[in-house]
Amino acid sequence: MVPPSAVLLLALAAAALAEPLRFVDCGSKDGSIQEVNVSPCPTQPCQLVKGTSYSINVTFSSKIESQGSKAKVYGEMLHVDIPFPIPEPDGCKSGIQCPIQKGHSYSYLNKLPVKSEYPSIKLIVKWELVDDQDQMLFCWKIPVQITS
């Protein structure tokens, strides 16, 4: 049995090793993104291996107050957004202390599972976090390659 403190230490070490990604802001209105990390993703486009889960960490500041937030993730192919399910869409259960306060900085943490049945394909991952008025706290895009 691995002690919980060792698991936390390993997670922090992995986060520290993560390189900030080059991303495209796709309409952050109510927030401002400082940094996006996907781990592991040593080079871009990120090579997402089927059957693996990736850690997502977005540091952003809020321009508004909101009681909650919800993530929406898409695979963008040929300019069409295909919804991509994630285990926890509630931002308040993903590292953000709610209610969200104007002018505060937050670290949004989530997982991106890549299912074995996904096709091997190049696409754009589009990740949105909306506030309680369905306005965009942040939106970012990165190119990925899903591989076996």
Where [X] and [Y] come nearest, the two heavy atoms and their spacing:
{"X": "C139", "Y": "G27", "result": "CB-N, 4.1 Å"}
{"X": "L123", "Y": "E76", "result": "CB-O, 3.7 Å"}
{"X": "D132", "Y": "Q67", "result": "OD2-N, 2.6 Å"}
{"X": "I86", "Y": "K111", "result": "CG2-O, 4.0 Å"}
{"X": "G68", "Y": "C92", "result": "CA-SG, 3.6 Å"}

Within the structure provided, determine whether [X] and [Y] are in side-chain contact (heavy-atom separation under 4.5 Å).
{"X": "Q145", "Y": "C46", "answer": "no"}
{"X": "L48", "Y": "L112", "answer": "yes"}
{"X": "I56", "Y": "W127", "answer": "yes"}
{"X": "S55", "Y": "L109", "answer": "no"}
{"X": "K102", "Y": "I64", "answer": "no"}
{"X": "Q135", "Y": "S66", "answer": "no"}
{"X": "K122", "Y": "P143", "answer": "no"}
{"X": "I146", "Y": "P119", "answer": "no"}

side-chain contact (heavy atoms from CB on, under 4.5 Å) assessment of K72 paired with D134 | CA-CA 11 Å; K72 299 177 183 180; D134 212 34; 3.2 Å; yes
I'd like to know if the side chain of [X] and the backbone of [Y] have a donor-acceptor N/O pair within less than 3.5 Å.
{"X": "Y54", "Y": "V49", "answer": "yes"}
{"X": "N110", "Y": "P89", "answer": "no"}
{"X": "Y106", "Y": "Q101", "answer": "yes"}

Using only heavy-atom distances, determine whether the side chains of T147 and K50 contain a donor-acceptor pair under 3.5 Å.
-> no
What class does the angle between the rings of F138 and Y108 fall in, given that below 30° is parallel, 30 to 60° is tilted and above 60° is perpendicular?
-> perpendicular
Mind checking the CD-CZ spacing from Q44 to F23? Nearest 0.5 Å is all I need.
-> 10.5 Å
SG (C98) and CG (D90) are apart, to the nearest 0.5 Å, by 7.0 Å
Do you know which of I96, V130, L129, I33 makes side chain to side chain contact (heavy atoms under 4.5 Å, CB included) with L137?
-> L129
